[in-house]
Structures are given as structure tokens and as C-alpha cells.
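What you see is a predicted model, and the numbers here were worked out from it, not measured in a lab. Lettering of chains follows the sequences in order, A, B, ..., and the numbering in each one begins at 1.
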Amino acid sequence: MTTKVRFAPSPTGYLHVGGARTALFNWLFAKHTGGKFILRIEDTDKERSTEEAIEAILASMSWLGLDWDEGPFYQTERLDIYQKEAQKLVESGSAYECYCTPEELEKRRQEALSSRGAPRYNRRCHDLSSKEASAYQARGLKPSIRFYSEDKGETIVEDLVRGRVVFDNAELDDLIIMRPDGLPTYNFAAVIDDLDMGMTHVIRGEDHLPNTPRQIQIYKAMEAKPPAFAHLSMILGEDKAPLSKRHGAASVEVFRDQGYLSDALINFLALLGWAFDDKTTLFSREELKTHFGLDKVTKSPAVFDTAKLDWMNGQYIRDLSDAELTEKLLPFWQDAQLLPAEEITGEMREELIFLASICRERLIKLSDIIGLTDFFFKDVDFDERAVNKVLKKEGAKESLEAVAAKLNSIDNWSHQVIDEELRALAEEIGIKPGKLFQPIRVAISGRMVSPPLFESLEALGKETSLARIDAAKTLT
RNA sequence: GGCGCAUUAGUCUAGCUGGUUUAGGACGCCGCCCUCUCAAGGCGGAGAUCACGGGUUCGAAUCCCGUAUGCGCUACCA
């Protein structure tokens with residue numbers, strides 16, 4: 001039997017990292033088992049679903065490289081299917097029309113709650129006579145459809161990650177499956193679609209575990225075999241509360257914009273609730289596909305540790321070739337207005353590749369390139385502390401003058417030559433190399449920290465380097 | 001309130017068919033080395049009475065029960 005799984009987000013916002021992890025596990029499961037991965041948009045909540053959210057989710061999925069084999073399917077385009085199936089359940093006695101209004105239901109719920117009772121639906125409309133029904137209809141009321149749920153015995157969920165979970169049927173009440181406006185409700189639409197689309201496994205968030213017995217009852221009522229279930233634990237913020245916007249970055253597009261590589265995010269997410277062995281932490285997508293298995297999925301919730309993601313992202317950045325890194329850096333330079341938006345080729349591109357090569361070990365996120373290289377593109381913006389600590393120091397002016405003279409004499413402007421000459425100069429003057437180099441760094445970059453000095457001088461060019469050193473003398 | 005799930009170092013986790021574990025790896029942290037700054041890299045270190053309390057057993061992180069804590073569901077949200 002070939003497997004088939006799906007990711008079924010509701011388009012009420014961007015793609016959350018928790019959702020991304022669910023999508024990833026489904027995708028990996030499909031790839032690992034040679035099955036199909038489908039995308040379904042659960043947009044039955046008209047109030048909260050938006051077109052922008054759909055776009056955002058699709059864009060994030062693509063960026064993550066989680067390609068789907070079928071879909072995206074939209075539940076709002078399948079309304080007739082749900083209506084037909086609901087009607088069948090009504091005819092078979094597994095569902096019934098309910099005319100209770102949301103207000104009435106809410107009132108009864110509050111009453112039940114305040115008198116320590118369980119807020120369950122009382123089946124008031126179950127045995128409505130056709131006379132009573134037409135009376136409601138005459139008042140212009142449209143019925144919702146409720147599922148008549150079994151209230152004796154128990155429903156067992158054989159969860160692939162949690163094991164056997166038993167629910168007492170008496171705990172489940174008659175849930176609404178169709179709203180009066182003809183839109184299905186989550187638990188019903190999911191069952192119909194998973195059945196209709198031939199899902200063999202349903203891998204989703206832990207928050208759906210309590211829904212599962214209800215859904216199993218619906219499958220039973222339809223005389224259909226439920227798929228296998230696997231419920232993934234939640235992803236938490238540093239404070240152990242479920243991850244949300246409040247924690248800063250919770251959407252994958254934010255990670256993308258900050259300069260995380262999708263390979264790194266994928267690797268990181270894969271390890272949130274899954275481990276292959278007791279040693280390996282870095283996995284390529286291919287390795288993930290060959291090793292992934294539901295049997296290795298963890299049960300307990302996981303805190304999203306940005307520090308570890310940062311480390312991992314650095315690993316992936318260092319794995320890129322200079323040209324690849326440059327390609328990924330381009331949009332960041334452009335967004336920062338350091339580079340024109342048009343395509344960059346030729347000598348300019350070569351220079352950028354050189355910059356990328358000298359910065360790569362200093363990058364945690366791609367966006368870090370801005371603070372590291374802006375002085376190559378525009379005038380120096382002096383950091384006051386650097387000026388005071390370095391340029392205003394005794395002897396800085398003399399050092400800079402000596403350096404300027406030495407640099408001026410260099411014809412072959414390369415970092416190797418600059419390196420040799422400046423070290424020789426330090427020896428001549430009799431000061432430590434570091435002491436000589438630091439004022440140069442501040443002069444050309446305005447800061448105490450920069451990419452490697454000699455490479456930076458080379459990239460800047462002889463003329464600009466000398467001009468900046470000369471200008472810095474006025475600050476000593 | 002009811003029901004369900006979870007609980008190994010700051011974090012992600014391995015181990016969980018009981019003994020080979022003085023609980024392994026990774027991030028982070030600390031130190032040393034390297035070094036033109038910052039990183040990266042190399043080496044080393046600290047950090048876990050395996051939530052707590054009982055029980056079963058010759059022996060428990062591993063099995064059972066209870067408690068606590070956290071989270072989820074209890075919607076005409078998914």
C-alpha cells in the first residue's frame with residue numbers, strides 16, 4: 001500500500017513554525033515511504049480565512065522546499081461533497097438537524113459550567129417532530145446538523161507516537177458537523193476529505209488528539225476505515241508557553257527575512273521532536289528522507305531554541321560556496337540600499353564574492369552581512385567609542401602616518417602584500433602588530449570590529465583606503 | 001470543573017523489550033590554544049539525586065500506582 005499524507009493548514013495567518021514542523025514531518029514521511037504528500041487549505045472559517053494568508057502559506061511552503069504532489073485543495077470548493085455526506089448521515093440516523101441558536105447554546109453552556117456540570121449538548125433537537133421542525137423553519141430558522149455520537153463504551157485511538165489512548169464515549173457530545181449556512185465544521189470536513197482523498201496516515205499537532213475519537217466515530221458511522229494517526233507535540237517558546245508572535249519570530253517568513261537558510265530551518269525543525277540516533281545533529285534533506293520515521297518521534301513538547309538554530313544556520317552558511325553565498329546575500333544588500341536593485345555582473349560581482357568570502361565565518365544570519373560590510377559601500381560612520389579608544393590614543397596619529405606612507409608605496413595591492421608590508425612596518429617601528437593594525441581598522445571601517453583587515457584594505461582599494469586613513473588623522 | 005497528553009542538565013535529545021550508564025551526543029555556558037579585531041576552528045571543563053512520592057524486583061531513568069506542574073480539548077476555530 002502506498003502511503004498518502006497531507007498538511008492541512010487553515011489560512012488565518014502566516015505559516016507558523018509549528019505548522020511548518022507538521023508539514024515537514026508529513027513531507028518526510030511521504031518521501032521516506034515513497035508516498036504522496038498533499039496540501040489542503042482548510043478555509044471553512046469564513047471570518048478568519050484570508051487570501052493573503054493563503055499566499056503567505058504557499059510562499060513559505062515553497063521557500064522551505066516542501067513541495068506537494070496534489071493540491072492545494074480548498075474546502076470551500078468542496079461544499080457540495082460535505083452537504084451530500086452530511087445528508088447521508090442524517091438519513092442513516094447518525095446525524096440530525098438542530099435548531100438551537102448559538103445564543104441559546106452559549107447560555108446553557110454557562111449555566112452548566114456555573115452549576116459544576118459538564119457543558120454538554122443536551123440533545124434537545126434530537127427527537128424533533130416534523131411539526132416542530134416546520135415551526136422553526138416558519139420562523140426563518142435554518143438548522144445546523146449535529147452528529148449523533150455514541151455515548152456508551154469507549155473509543156480507542158491507536159496513536160503512532162503516543163500509543164493507545166482511550167476515551168470514554170460518555171465524554172463526547174453531539175458535535176455540529178454542518179453550520180446553518182452550509183459550511184462544514186472542522187471535525188467533519190477533515191474526516192470527509194481525509195477519506196475522499198485517500199489518506200493512509202494523519203500526522204498533525206497534539207491539539208487534535210482529543211478530536212480524534214470524535215472523528216473515529218464519524219468514520220464508523222460512515223462505515224469507513226479510519227487512517228492511522230500520529231500526533232506531534234507542541235512547540236514552545238523560551239518561557240515554555242506555546243510559541244506565538246509574542247515570542248518574536250514565530251512565522252517562517254520572518255526567519256526567511258532575517259536570513260536563515262531554509263536548509264538550516266528544516267534541519268532544526270526536524271530535530272524538534274525527532275532524533276535519528278544519539279550522535280547526529282546535521283542532516284541534509286536526503287539524509288532526513290532516508291532516516292525519518294514516526295517511531296522515532298518524541299512525545300514531549302519542545303522549546304524552540306533560537307541559539308541552536310543560529311549555530312546551525314552558521315554551519316549551513318559555511319557550507320555554501322562563495323558564489324552561492326553571494327547569491328543569497330544580494331537581496332540583503334539590495335534591501336539595505338547598499339546595492340542597486342538591478343542584476344549585478346562582471347567585476348562588481350567578483351568583488352562581492354570576495355566580500356562574501358571574507359565574511360562567511362562571521363555570519364550567523366545572512367542579514368548580518370549589512371553591519372559587517374556597509375563601510376565598503378558608503379562613507380565611514382564612526383563609532384564614538386572606537387574613536388576614543390583607538391584613534392585618540394597616544395601615537396595613533398604617528399602610526400597612521402607611517403601606515404599611509406607604507407601603503408602608498410605598495411604597487412601590487414593585494415592582501416598578501418599588504419599583510420607582509422604592514423608586519424614589516426610594525427617591526428621597524430617596534431610596536432606590536434595588533435597595536436598598529438587597530439587604528440587602521442577604525443580608520444577604514446569606523447569600528448573596532450571588522451572583517452579581516454588586509455582583505456578589507458584590498459577590497460576597498462588603495463585610493464579609498466589611503467583617503468580614509470588620511471581623513472581619520474583629523475580625529476586623533 | 002471534566003477528559004486527555006507530557007515530565008532525562010538552561011535548551012534539543014539518546015537510552016525506556018529493567019543490569020554492559022561512573023546517564024551518551026548537540027546547542028548554550030566557562031577555560032585554554034590559534035589569532036590583526038570579531039568570528040570560525042581545535043582542545044578541555046562545569047552542568048542531570050533521570051519532576052516528586054510510594055511500590056514491584058536481588059537490581060529501575062527504564063515496569064505499576066499516586067501527587068505536582070505544564071499544555072491541550074471541552075466552539076456554528078481549526
Side-chain angles (χ1 to χ4, degrees), chain A residues 8-12 42-45 47-49 98 100-102 105-106 109 112-120 144-146 157 159 162 165-168 170-173 175-181 183-187 189-190 204-214 231 233-234 236 238 240-242 268 271-282 296 298-312 314 318 359-364 368 372 386 390 419 422-423 426 432-438 440-442 445 447-454 456:
Chain A
S10 64
T12 54
E42 308 216 322
D43 54 352
T44 56
D45 183 346
E47 310 289 300
R48 301 196 304 149
S49 299
C98 173
C100 297
T101 65
L105 294 168
E106 183 54 30
R109 188 176 304 121
L113 235 32
S114 56
S115 62
R116 75 188 136 66
R120 304 181 61 236
S144 54
I145 298 178
R146 297 191 99 104
V157 178
D159 192 280
R162 266 146 236 284
V165 185
V166 180
F167 293 86
D168 193 338
E171 292 297 327
L172 280 20
D173 61 351
L175 70 158
I176 288 180
I177 58 175
M178 291 295 285
R179 301 177 173 104
D181 61 3
L183 280 161
T185 243
Y186 164 72
N187 281 109
R204 70 217 322 185
E206 186 187 16
D207 45 336
H208 290 298
L209 184 54
N211 285 323
T212 309
R214 305 164 181 283
H231 289 92
S233 59
M234 304 268 98
L236 276 23
E238 321 261 332
K240 306 250 185 179
F268 177 76
L271 259 24
L272 236 41
W274 175 82
F276 170 59
D277 58 15
D278 60 340
K279 299 245 177 342
T280 326
T281 45
L282 261 15
K296 293 287 218 171
T298 329
K299 297 192 255 260
S300 43
V303 171
F304 191 99
D305 181 10
T306 311
K308 186 165 183 174
L309 204 215
D310 282 349
W311 166 79
M312 203 170 267
R318 261 157 256 141
C359 292
R360 71 136 33 78
E361 277 152 21
R362 277 150 264 258
L363 298 176
I364 287 173
D368 295 338
L372 231 35
V390 180
D419 189 333
L422 290 183
R423 281 181 199 284
K432 282 192 168 171
K435 200 126 173 38
L436 178 67
F437 301 158
Q438 201 58 0
I440 312 176
R441 186 187 316 284
V442 176
S445 73
R447 290 187 285 258
M448 309 244 299
V449 173
S450 79
L453 222 215
F454 314 122
S456 296

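- If you check every strand for non-hydrogen atoms under 4.0 Å, A:H231 touches nothing.
- Across every strand in view, B:A9 sits unpaired, with no contact that passes the Watson-Crick or G-U test at under 3.5 angstrom.
- Among B:G28, B:C12, B:U37, the nucleotide with an atom closest to any side-chain atom of A:S450 is B:U37.
- Contact annotation: side chain of A:R441 to base of B:C36, donor-acceptor pair present below 3.5 Å.
- Residues A:R447 and A:R441 fail the side-chain proximity criterion, which asks for heavy atoms closer than 4.5 Å.
- Nearest approach of A:P11 to A:E42, heavy atoms of both residues: CD-O, 3.4 Å.
- At the phosphate of B:U37, neither OP1 nor OP2 sits under 4.0 Å from any side-chain N or O atom of A:S445.
- Contact annotation: A:K240 side-chain N/O to B:U7 OP1/OP2 distance is not under 4.0 Å.
- The same atom, C1', is picked in B:G47 and in B:A26; the two are 15 Å apart, to the nearest Å.
- For B:C73, the paired base is B:G2 (Watson-Crick or G-U wobble, both distances below 3.5 Å).
- Using C1' as the reference atom, B:G24 and B:G31 are 23 Å apart when rounded to the nearest Å.
- As judged by a 4.0 angstrom heavy-atom cut-off over every strand, A:L453 is placed among the base-contacting residues.
- Not one side-chain nitrogen or oxygen of A:K296 sits closer than 4.0 Å to the OP1 or OP2 atom of B:C12.
- Atom name C1', nucleotides B:C33 and B:U21: the rounded distance is 32 Å, in whole Å.
- Within the 4.0 angstrom heavy-atom criterion, no nucleotide atom of any strand lies near A:P213.
- Using N1 to N3 plus N6-O4 or O6-N4 for Watson-Crick, or N1-O2 and O6-N3 for G-U wobble, each under 3.5 Å, B:A60 pairs with nothing.
- A donor-acceptor contact under 3.5 Å links the side chain of A:N211 to the base of B:A78.
- At least one side-chain heavy atom of A:V157 sits less than 4.5 Å from a side-chain heavy atom of A:P213.
- Across all strands shown, B:A14 remains unpaired; no Watson-Crick or G-U wobble contact has both distances below 3.5 Å.
- Using a 4.5 Å cut-off on side-chain heavy atoms (C-beta onward), A:S300 and A:S233 make no contact.
- In terms of heavy atoms, A:E171 sits closest to A:R120 at O-NE, 3.8 Å.
- Comparing B:C71 with B:U8, their P atoms sit 16 Å apart, to the nearest whole Å.
- When both pairing distances are held under 3.5 Å, B:A23 makes no Watson-Crick or G-U pair with any nucleotide shown.
- Base contact: A:P102 has a heavy atom under 4.0 Å from a base atom.
- Straight-line distance between the P atoms of B:A40 and B:A48: roughly 26 Å, to the nearest whole Å.
- Using C1' as the reference atom, B:G45 and B:A9 are 15 Å apart when rounded to the nearest Å.
- Applying the 4.0 Å criterion to OP1 and OP2 of B:C76, one finds that A:R48 has every side-chain N and O outside that range.
- Pairing partner, B:A78: none, since no Watson-Crick or wobble contact has both distances short of 3.5 Å.
- Atom name P, nucleotides B:U7 and B:C65: the rounded distance is 15 Å, in whole Å.
- Across all strands shown, B:G53 pairs with B:C65; the Watson-Crick or G-U wobble distances both stay below 3.5 Å.
- Under 4.0 angstrom from either OP1 or OP2 of B:U74 there lies no side-chain N or O belonging to A:R109.
- Phosphate contact (OP1/OP2 of B:G41, side-chain N/O of A:R318, threshold under 4.0 Å): present.
- Across all strands, A:S300 comes closer than 4.0 Å only to sugar-phosphate atoms, never to a base (heavy-atom distances).
- Annotation: B:G10 and B:C50 have their P atoms spaced 13 Å apart (nearest Å).
- Residue contacts shown for A:G314 are absent, as no nucleic acid heavy atom lies under 4.0 Å away.
- Base pairing annotation: B:C29 forms a Watson-Crick or G-U wobble pair with B:G45, both donor-acceptor distances under 3.5 Å.
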